[in-house]
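Single-structure report; data block below.
Everything numeric here is computed off the predicted structure, so don't read it as measured data. Throughout, protein chains are lettered first and strands after them, A, B, ... in sequence-line order, and every chain is numbered starting at 1.
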Amino acid sequence: MKVATYNINGINARLPVLLRWLAEESPDVVCLQELKSPQERFPLKEISDLGYHAIWHGQKSWNGVAVLSKYKIEEVTRVLPGDPEDNQSRYLEVIIQNVVICCIYLPNGNPLPGAKYEYKLNWIERLTKRSKTLLQMNAPAILIGDFNIIPEEIDTYKPEKYIDDALFTKEVKEAFSLLLKDGWQDAIRTLFPDKEVYTFWDYFRQAYGRNAGLRIDHILLSPSIQDRLTQGGIDRDVRGWEKSSDHAPTWIRLNNNTNG
DNA sequence: ATGTCTGGTCCCACCAGA
């Protein structure tokens with residue numbers, strides 16, 4: 001089963017890119033972020049025509065998350081527990097082929113300091129709490145999406161530029177490393193221990209051409225699914241396509257559960 | 001410091017957010 005995450009940055013503006021990538025790479029499951037589309041403008045027909053089921057949680061102007069799958073999708077929740085006031089579409093938890101899949105669009109948090117950064121820290125706290133519940137259930141689970149966190153220096157082309165950035169503060173790096181300490185496995189870093197593997201290149205200053213990238217899209221595996229990881233990567237070339245998102249699709253492959 | 005995109009409002013050029 002090939003599972004991918006892709007911050008699409010406007011699903012309607014990027015639809016030709018999305019459809020081309022789906023047709024070429026044929027992922028089984030795709031978690032999308034930043035739909036930038038109200039619920040009723042989700043391009044369901046074009047996506048179903050390629051053989052995908054879809055569940056999405058849109059929002060006018062900003063945010064928005066979706067899960068596409070060739071297998072049946074069972075929705076668990078479209079709300080990250082812990083804040084009844086939070087009405088931003090940033091979380092979608094589903095079950096596909098007995099795997100819990102949490103599609104995440106973690107807040108960016110800039111500028112720093114301020115309400116947006118506080119919201120980010122609060123959101124991370126809620127995610128951590130939810131992730132602990134999943135670990136306690138011993139469920140095969142995946143936390144996947146745009147985390148807006150640069151975990152380590154190797155994950156940015158220029159660490160010193162990001163010292164005061166909400167993607168790279170001590171607090172958010174620590175929160176990420178605590179998830180790993182809890183037992184979650186950073187799948188892409190595990191597969192590429194010493195390599196620069198960026199998932200995002202800014203639109204500014206020809207960042208992609210200069211490979212001025214960041215690794216901020218992540219796939220975290222719960223202990224009970226880690227031995228199924230066989231392969232992974234970043235479809236870097238997609239970032240160079242016409243009218244592309246500023247992120248590139250990031251994916252892993254899991255073998256079939258043979259003891260189930 | 002700058003830079004580039006999208007979506008939304010409102011009239012065509014701006015703004016917020018990333």
Side-chain angles (χ1 to χ4, degrees), chain A residues 5-21 31-44 46-47 56-66 80 85-92 103-124 127 144-151 155-169 171-173 176 198-218 234 236-250:
Chain A
T5 177
Y6 189 12
N7 178 319
I8 194 69
N9 189 12
I11 193 168
N12 289 304
R14 314 290 183 196
L15 192 58
V17 170
L18 176 64
L19 297 176
R20 177 180 163 195
W21 171 70
C31 295
L32 297 172
Q33 304 87 32
E34 268 204 272
L35 303 180
K36 290 186 174 176
S37 163
Q39 188 70 9
E40 63 276 12
R41 284 202 57 216
F42 184 85
L44 181 61
E46 291 87 340
I47 285 167
W56 67 98
H57 189 197
Q59 184 175 335
K60 193 176 159 188
S61 309
W62 302 300
N63 307 320
V65 284
L80 179 63
E85 311 272 283
D86 184 4
N87 49 19
Q88 299 192 28
S89 301
R90 294 180 172 276
Y91 187 80
L92 195 47
C103 175
I104 286 160
Y105 178 43
L106 212 143
N108 176 294
N110 283 306
L112 173 74
K116 290 183 178 173
Y117 186 62
E118 292 307 312
Y119 174 65
K120 179 177 196 171
L121 294 181
N122 180 263
W123 210 95
I124 292 174
L127 177 66
I144 178 170
D146 178 0
F147 280 64
N148 272 313
I149 295 175
I150 303 165
D155 299 313
T156 160
Y157 66 102
K158 211 177 237 189
E160 62 271 25
K161 273 197 87 102
Y162 286 86
I163 284 168
D164 295 321
D165 194 287
L167 275 59
F168 198 52
T169 62
E171 284 165 306
V172 304
K173 282 184 286 188
F176 189 84
Y198 301 143
T199 67
F200 166 90
W201 296 261
D202 213 308
Y203 288 122
F204 300 163
R205 298 174 297 261
Q206 294 174 314
Y208 180 64
R210 297 184 296 120
N211 195 28
L214 306 173
R215 189 173 75 100
I216 54 177
D217 300 273
H218 305 299
I234 290 118
R236 203 182 175 286
D237 292 354
V238 177
R239 175 64 181 84
W241 293 356
E242 186 96 4
K243 300 268 285 173
S244 151
S245 164
D246 41 5
H247 295 248
T250 303

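- Nucleotides of DNA chain B with any atom under 4.0 Å from a heavy atom of chain A span, from 5' to 3', B/dT2 to B/dA18.
- When each of A/Asn148 and A/Arg14 is assigned the nucleotide of DNA chain B with its nearest heavy atom, A/Arg14 is the one assigned upstream, toward the 5' end.
- The P atoms of B/dC15 and B/dC10 are separated by 14 Å, rounded to the nearest whole Å.
- Taking the C1' atom of each, B/dG7 and B/dC12 are spaced 15 Å apart, rounded to whole Å.
- Here the CD1-OH distance, from A/Ile150 to A/Tyr162, works out to 6.0 Å after rounding to the nearest 0.5 Å.
- Annotation: B/dA13 and B/dA1 have their C1' atoms spaced 24 Å apart (nearest Å).
- Scanning for salt bridge (charged side-chain N to carboxylate O under 4.0 Å, His left out) contacts around A/Arg205 gives an empty result, with sequence neighbours left out.
- Without hydrogens or angle criteria, A/Asn110 side chain to A/Ala166 main chain gives a donor-acceptor distance under 3.5 Å.
- Shown here, B/dC12 is classed syn by the O4'-C1'-N9-C4 or O4'-C1'-N1-C2 angle, which is within 90° of 0.
- Note on A/Arg239: nothing from the nucleic acid sits closer than 4.0 angstrom, heavy atoms only.
- In this structure A/Asp86 satisfies the salt bridge (charged side-chain N to carboxylate O under 4.0 Å, His left out) test together with A/Arg126, sequence neighbours excluded.
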Under the 3.5 Å Watson-Crick or G-U criterion, the dot-bracket string of DNA chain B, with | for inter-strand pairs: ...((((((...))))))
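- Residues satisfying the salt bridge (charged side-chain N to carboxylate O under 4.0 Å, His left out) criterion with A/Arg215, sequence neighbours excluded, are A/Asp155, A/Asp186.
- At distances below 3.5 Å, at least one donor-acceptor pair connects side-chain atoms of A/Ser89 with backbone N or O atoms of A/Gly58.
- Comparing A/Ser37 and A/Phe204 by the nucleotide of DNA chain B whose heavy atom lies nearest to each, the residue mapping closer to the 5' end is A/Phe204.
- Note: A/Trp56 and A/Phe42 have parallel aromatic rings, judged against thresholds of 30 and 60 degrees for the angle between ring planes.
- Residues that satisfy the side chain to side chain donor-acceptor pair (under 3.5 Å) test with A/Thr169, not counting sequence neighbours, are A/Tyr117.
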